[in-house]
Amino acid sequence: MEVIICHDPDCAGEVSAAKVAQVCKEAGPGVVLGVATGSSPLKTYQNLAQMTRSGELDLSQATAFALDEYVGLPAGHPESYHEVIRRTVTEPLGLDPARVHVPDGSLAHIATAGDRYEAAIKAAGGIDVQILGLGANGHIGFNEPTSSLSSRTRVKMLTPGTRADNARFFASVDEVPKHCITQGLGTILDARHIVLVATGTVKARAVAAMIEGPLTAMCPGSVLQMHRFATVIVDEAAAGGLALGDYYRQAYSEMPAWLQVHV
Ligand code: F6R
């Protein structure tokens, strides 16, 4: 795992966007992105949007797969991840909406939604770079603690803590759906590169557990210890619980040029 400690969230947004753009350029115009919702990657998307506006990056032929979706929200609900991805990713990054996929959270089709999503990712050739945030309880996607480390896209129940965290997007916590459909930890591990962004003191414990704790389903993010090309980008506040913080800072600031070729 490559750990990059940035001084603030703006810097984390710039560094994460640079990492994602690097993979996009290596993968070519048909790059397949994995995209997260939530606050953490918003600055990443803003920087990527700026790169597409300036002509540095062209994502018009890219494909994207969202990590997760709430189950049972009416189509077009502003907080459904279909809508959030359209507002924060598809439009600003200039993606073709026909190639942007979000798990189907409609109750009528939920029984087959996971398998259909897995098949769509496979048909697209797999995800080149998966952008992730990290829950305060260590979740990635909506894989809550005790999720199977080899899980695939399926329905999960959100923990009360996650529903409380996401209540800020709804009128009250009671309106936050109890169920979601999420890529599994096994699905996420299949991505060729992973770029995770976490900022703020509220994430410090989860960041330390993910990077330095044991590999355990109690901290689903710790499964990234098994990935060959996972980059974790945090700000100083989120890095507060790391035992080896100085080592990560030194490794990044003194990285020789010949090593700066891959994520
Ligand atoms: C979002 C997702 C979640 C969030 C996590 C952090 O699609 O799957 O894992 O990344 O809950 O959320 P924020 O970034 O809002 O703190």
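Treat the numbers as computed from the prediction; the structure is a model and nothing was measured.
- Here the shortest heavy-atom pairing between Ala136 and Asp165 reads CB-OD2, 4.2 Å.
- When all heavy atoms are compared, the tightest approach of Ala238 to Ala198 is CB-O, 3.5 Å.
- Closest non-hydrogen pair, Tyr81 versus Val102, comes out as C-CG1, 4.2 Å.
- More than 12 heavy atoms of other residues, nucleotides or ligands sit less than 6.0 Å from atom NZ of Lys25.
- The CG atom of Leu107 sits 9.5 Å away from atom CG of Leu73, with the distance rounded to the nearest 0.5 Å.
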Ser16 vs Val197, test: side-chain contact (heavy atoms from CB on, under 4.5 Å). Steps then yes/no. CA-CA 7 Å; Ser16 55; Val197 182; 3.6 Å; yes
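- Counting heavy atoms from C-beta outward, Glu14 and Gln50 have side chains that stay 4.5 Å or more apart.
- Judged by distance alone, the side chain of His139 and the main-chain N or O of Ser147 form no donor-acceptor pair under 3.5 Å.
- Glu175 is not listed as a side-chain neighbour of Glu79, based on a closest heavy-atom distance of 4.5 Å or more.
- Taking both residues in full, the closest heavy atoms of Ala167 and Ser172 are given as CB-C, 4.4 Å, listed atom of the first, atom of the second, then distance.
- Smallest separation of non-hydrogen atoms from Ala208 and Gly241: CB-O, 3.5 Å.
- With ring centers used as reference points, Phe169 lies 6.0 Å or more from Tyr70.
- Residues Val71 and Met157 fall into different hydrophobic clusters, defined by Ile, Leu, Val, Met, Phe, Trp and Tyr side chains chained together at heavy-atom separations under 4.5 Å.
- The two residues Lys156 and Glu144 have their closest heavy-atom pair at CE-N, 4.4 Å.
- No side-chain donor-acceptor contact under 3.5 Å links Glu83 to the backbone of His77.
- By the criterion of side-chain heavy atoms lying less than 4.5 angstrom apart, applied directly or through intervening Ile, Leu, Val, Met, Phe, Trp or Tyr residues, Val173 is not grouped with Leu158; the two fall into different hydrophobic clusters.
- Among the candidates Val35, Val31, Ile121, the single residue satisfying the side chain to side chain contact (heavy atoms under 4.5 Å, CB included) test with Ile127 is Ile121.
- Residues satisfying the side chain to side chain contact (heavy atoms under 4.5 Å, CB included) test with Arg116, not counting sequence neighbours, are Asp104, His109, Thr112, Ala113.
- At most 12 non-hydrogen atoms from other residues, nucleotides or ligands lie less than 6.0 angstrom from CZ of Arg205.
- A donor-acceptor pair under 3.5 Å is absent between the side-chain atoms of Gln183 and the main chain of Gly141, judged by distance alone.
- Put simply, Val129 and Val15 are part of the same group of oily side chains (I, L, V, M, F, W, Y) that touch within less than 4.5 Å, one to the next.
- Residues Gln130 and Leu67 meet the side-chain proximity criterion, which asks for heavy atoms closer than 4.5 Å.
- Contact of the Val23 side chain with the Phe229 side chain is not registered, since no non-hydrogen atoms from C-beta on lie closer than 4.5 Å.
- Salt-bridge annotation for Glu118 and Arg154: absent, with no side-chain N of the basic residue lying under 4.0 Å from a carboxylate O of the acidic one.
- In this structure, Thr52 contributes its side chain and Leu57 its backbone to no donor-acceptor pair below 3.5 Å.
- Of the inter-residue distances, the one linking Ile188 atom CD1 with Leu149 atom CG reads 11.5 Å to the nearest 0.5 angstrom.
- With values rounded to the nearest 0.5 angstrom, Leu33 atom CG is found 4.5 Å from Cys24 atom SG.
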Please report, to 0.1 Å, the donor-acceptor pairs under 3.5 Å made by any side chain of residues 88-99, with sequence neighbours excluded.
| unit_1 | atom_1 | unit_2 | atom_2 | d |
| --- | --- | --- | --- | --- |
| Thr88 | OG1 | Val84 | O | 2.7 |
| Thr90 | OG1 | Ile85 | O | 3.4 |
| Glu91 | OE2 | Arg86 | NH1 | 2.9 |
| Asp96 | OD1 | Ala98 | N | 2.9 |
| Arg99 | NE | Ala62 | O | 3.4 |
| Arg99 | NH2 | Ser60 | O | 3.0 |

Apply side-chain contact (heavy atoms from CB on, under 4.5 Å) to Thr63 and His101, showing your working. CA-CA 8 Å; Thr63 295; His101 307 267; 3.9 Å; yes
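- Residues Val232 and Leu134 have side chains not in contact (no heavy-atom distance under 4.5 Å, counting atoms from C-beta outward).
- The distance from the CZ atom of Arg87 to the OG1 atom of Thr37 is 10.5 Å, given to the nearest 0.5 Å.
- No side-chain donor-acceptor contact under 3.5 Å links Lys43 to the backbone of Ala12.
- By the 4.5 Å heavy-atom criterion applied to side chains, Asn166 and Phe142 are counted as neighbours.
- Grouping the Ile, Leu, Val, Met, Phe, Trp and Tyr side chains by contacts below 4.5 angstrom, directly or via other members, places Ile181 apart from Ile140.
- By the 4.5 Å heavy-atom criterion applied to side chains, Ile233 and Thr44 are not counted as neighbours.
- The CG atom of Leu132 sits 11.0 Å away from atom OG1 of Thr231, with the distance rounded to the nearest 0.5 Å.
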side-chain contact (heavy atoms from CB on, under 4.5 Å) between Asp8 and Glu236: does it pass, once the steps are laid out? CA-CA 6 Å; Asp8 64 16; Glu236 286 291 351; over 6 Å; no
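- Looking at Phe170 and Pro177, their side chains come closer than 4.5 Å, going by heavy atoms from C-beta outward.
- Judged by distance alone, the side chain of Glu69 and the main-chain N or O of His82 form a donor-acceptor pair under 3.5 Å.
- No donor-acceptor distance shorter than 3.5 angstrom exists from the side chain of Asp235 to the backbone of Cys6, with no hydrogens or angles considered.
- Both Leu189 and Ile211 are assigned to one and the same hydrophobic cluster, defined by single-linkage of ILVMFWY side chains at heavy-atom distances under 4.5 Å.
- A salt bridge links Arg152 to Asp190: one of the charged nitrogens lies within less than 4.0 Å of a carboxylate oxygen.
- Between Thr146 atom OG1 and Met218 atom CE the span is 7.0 Å, to the nearest 0.5 Å.
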